[in-house]
Amino acid sequence: MSEHFFNRLEDELNSSRDKYLFREVRLYPECRINLCSNDYFQLRHDPRVIAGAKEACEKFGTGSGASPLLSGFLPCHQSLLDELKKWKQKSYGLLFNAGFLANQAVLKHLPGKNDLVLADKLVHHSMAQALTQGLARFKRYRHLDLDHLQEFLDAHCEEYETIFVVTESVFSMDGDYPDLKKLVELKKHYPFILILDEAHGTGVFGETGAGLAEEMQVQDQVDIIIGTLGKSLASMGAYVLSNSSTVIDFLVNRAGEFIYSTFLSPPQVGSAEIALKILQSAEADRKHLHEMSTNFRKIMKLKEQEETPSPIVPVVIGDPVKTLELRNTLLQQGIMVGAIRPPTVPPQTSRLRISLHTGVTRQTLEELGGILEPWLTP
Ligand SMILES: Cc1ncc(COP(=O)(O)O)c(C=O)c1O
């Protein structure tokens with residue numbers, strides 16, 4: 001390989017290093033408290049979920065053996081899909097190997113060349129990147145600003161064949177969420193297809209944990225729901241659900257992300273199905289998680305977030321160097337939190353991303369608040 005090639009890569013990496021934005025895969029020391037995962041209900045180590053993985057593995061094998069349209073789609077996949085459809089009240093659906101791939105498939109293949117996609121400014125990279133690769137034009141409205149969205153709808157609804165509106169339910173790096181009731185109200189005035197990524201809402205919101213759409217009673221108004229099995233469902237993989245069989249058939253026929261990849265392994269789906277059943281009746285845990293989330297925001301005096309009961313708590317530091325230093329200080333004390341820097345978040349908004357879970361105690365929250373306080377007081 002040419003020297004020129006290596007030099008180019010090294011130059012780019014050095015530029016990331018200089019800005020303290022270099023990323024590396026590393027093993028972190030064993031921590032007392034992990035506030036860095038998306039396993040909000042700590043189901044990854046739950047013996048019932050592990051038994052679900054084992055049972056599926058014993059019945060169907062360690063791997064699916066093939067892509068889904070060959071012989072990879074097995075009874076365990078059908079069973080999980082049926083449960084997901086019931087839970088999220090949709091008639092048709094499809095499993096994917098990852099939420100990233102599901103978002104790519106939906107946004108690259110469904111909007112066509114005469115369509116417009118309106119997406120929240122802070123949607124996850126899996127969606128943002130797909131928008132740049134699809135055929136449709138796209139615009140980004142200000143984060144959670146539905147008036148801005150309405151301005152775009154007003155300005156463009158006549159110009160395009162179909163308009164898609166795309167948002168996360170609970171935003172992965174900010175822990176906030178849109179007013180979905182107000183969002184679906186807009187559908188009365190402007191015909192658009194609503195795509196909702198419930199990656200972080202699933203399990204956490206709704207009477208049965210089906211997500212923010214269930215919590216806000218708008219499930220029937222969401223046209224396409226995407227979710228991952230890798231967060232509250234304690235596994236990995238993803239799903240796309242809709243009441244339109246045409247949407248699902250189109251993805252089955254066009255989405256290379258689905259067609260050309262060895263399908264989810266039986267232990268992955270077996271564990272997710274048990275986790276789903278546990279989450280459906282986890283009202284007490286959900287309540288505990290919400291209370292803890294608002295309490296922690298109070299302890300941290302995060303005034304503008306005080307009413308937000310989601311378990312993702314961003315503590316915005318700004319400077320990436322200080323963010324890393326603070327993360328390392330916490331690591332030394334046995335507490336692991338995420339240090340999130342650009343380009344994952346906008347410039348000057350580097351942050352600690354603290355993900356709470358049902359195993360966290362009030363004592364932990366106070367300890368963490370105590371460690372962070374001197375760093376945050378101006
Ligand atoms: C909002 C959102 N959507 C999609 C994904 C991707 O899901 P997966 O991890 O299953 O690929 C993530 C993962 O971090 C996410 O936060």
Side-chain angles (χ1 to χ4, degrees), residues 23 25 36-40 43-44 49 52-53 56-57 60 62-70 72-74 76-78 80-81 83-85 87-88 90 93-110 119 123-134 166-173 195-204 211 224-242 247-248 250-252 254-273 275-276 279 312 338 340 344 355:
R23 303 164 194 238
V25 180
C36 199
S37 90
N38 303 304
D39 182 12
Y40 304 115
L43 292 180
R44 274 182 307 156
V49 176
C57 187
F60 301 107
T62 52
S64 68
S67 56
L69 299 183
L70 289 177
F73 186 76
L74 301 169
C76 54
H77 298 101
Q78 182 71 62
L80 173 63
L81 191 54
E83 291 301 326
L84 287 164
K85 287 189 290 189
W87 198 25
K88 307 250 177 178
K90 296 286 170 227
L94 198 55
L95 296 177
F96 278 85
N97 285 351
F100 196 97
L101 295 171
N103 277 336
Q104 294 268 308
V106 165
L107 288 171
K108 273 198 233 160
H109 303 293
L110 296 180
V123 289
H124 191 259
H125 185 72
S126 52
M127 293 178 265
Q129 190 209 47
L131 291 177
T132 64
Q133 296 172 357
V166 181
T167 181
E168 282 169 48
S169 63
V170 177
F171 276 78
S172 61
M173 295 300 143
I195 300 177
L196 181 67
D197 179 345
E198 284 267 31
H200 296 275
T202 301
V204 172
I224 298 173
I225 293 189
I226 299 153
T228 169
L229 309 178
K231 305 196 192 296
S232 289
L233 288 163
S235 178
M236 68 179 293
Y239 50 91
V240 174
L241 305 172
S242 171
V247 163
I248 301 301
F250 195 82
L251 291 173
V252 168
R254 293 287 184 277
E257 296 83 353
F258 172 79
I259 303 168
Y260 299 107
S261 189
T262 301
F263 209 33
L264 299 160
S265 73
Q268 282 174 272
V269 270
S271 53
E273 186 170 337
L276 183 162
L279 288 177
I312 301 170
I340 314 291
T344 307
S355 310

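What you see is a predicted model, and the numbers here were worked out from it, not measured in a lab.
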Looking only at heavy atoms, what is the nearest atom pair of Ala56 and Pro266, with distance? CB-O, 3.3 Å

Are side-chain heavy atoms of Leu95 and Leu264 found at a separation under 4.5 Å? yes

Where Cys57 and Thr62 come nearest, the two heavy atoms and their spacing: SG-CG2, 3.8 Å

Nearest atoms (heavy-atom pairs only) where Ser64 meets Thr262: OG-CG2, 3.8 Å

Which pair of heavy atoms, one from Leu241 and one from Gly93, lies closest together, and at what distance? CD2-CA, 3.8 Å

Would you give the length of the straight line joining atom CD of Glu168 to atom OG of Ser126, rounded to the nearest 0.5 angstrom? 7.5 Å

Do Leu74 and Val269 come close enough that some side-chain heavy atom pair is under 4.5 Å? no

Could you check Leu80 against Leu229 for side chain to side chain contact (heavy atoms under 4.5 Å, CB included), going step by step and ending with a plain yes or no? CA-CA 11 Å; Leu80 173 63; Leu229 309 178; 3.9 Å; yes

Heavy-atom closest contact (Val170 atom, Gly201 atom, distance): CG2-CA, 3.9 Å

Atom CG in Asp197, atom CE in Met127: separation rounded to 0.5 Å? 4.0 Å

Would you give the length of the straight line joining atom NE2 of His200 to atom CD1 of Ile312, rounded to the nearest 0.5 angstrom? 4.5 Å

Heavy-atom check, side chain of Leu233 versus side chain of Thr228, under 4.5 Å: no

Determine the minimum heavy-atom distance between Ala255 and Ala105, stating which atoms define it. CB-CB, 3.8 Å

Would you mind checking if Lys108 and Glu257 are paired as a salt bridge, meaning a charged N to carboxylate O distance below 4.0 Å? yes

With Gln78, which residues qualify under side chain to side chain contact (heavy atoms under 4.5 Å, CB included), at least two apart? Phe73, Asp82

Set out, in order, the CA-CA distance, both residues' side-chain angles and the distance that settles side chain to side chain donor-acceptor pair (under 3.5 Å) for Glu198 and Ser169, then state yes or no. CA-CA 5 Å; Glu198 284 267 31; Ser169 63; 2.7 Å; yes

Got a second to check how far Ile224's CD1 is from Leu107's CG, nearest 0.5 Å? 8.5 Å

To the nearest 0.5 Å, atom OG of Ser235 lies from atom CG of Leu276 at 11.5 Å

Under the side chain to side chain contact (heavy atoms under 4.5 Å, CB included) criterion, do Thr202 and Lys88 qualify, and how do the steps go? CA-CA 10 Å; Thr202 301; Lys88 307 250 177 178; 2.7 Å; yes

Any side-chain heavy-atom pair of Leu84 and Trp87 under 4.5 Å: yes

Pairwise side-chain contact, Phe258 with Leu251, heavy-atom cut-off 4.5 Å (strictly under): no

About how many Å separate CG of Leu81 and OH of Tyr239, when rounded to the nearest 0.5 Å? 11.0 Å

Main-chain N/O of Tyr260 paired with Ser67 side-chain donor or acceptor, under 3.5 Å: no

Is there side-chain contact between Ile248 and Lys90, with at least one heavy-atom pair below 4.5 Å? no

Whether Phe100 and His125 hold their rings parallel, tilted or perpendicular, with breakpoints at 30° and 60°: tilted

State, yes or no, whether a side-chain contact exists between Ile226 and Leu196 at a heavy-atom distance under 4.5 Å. no

List the residues meeting side chain to side chain donor-acceptor pair (under 3.5 Å) with Ser172, not counting sequence neighbours, and say none if there are none. none

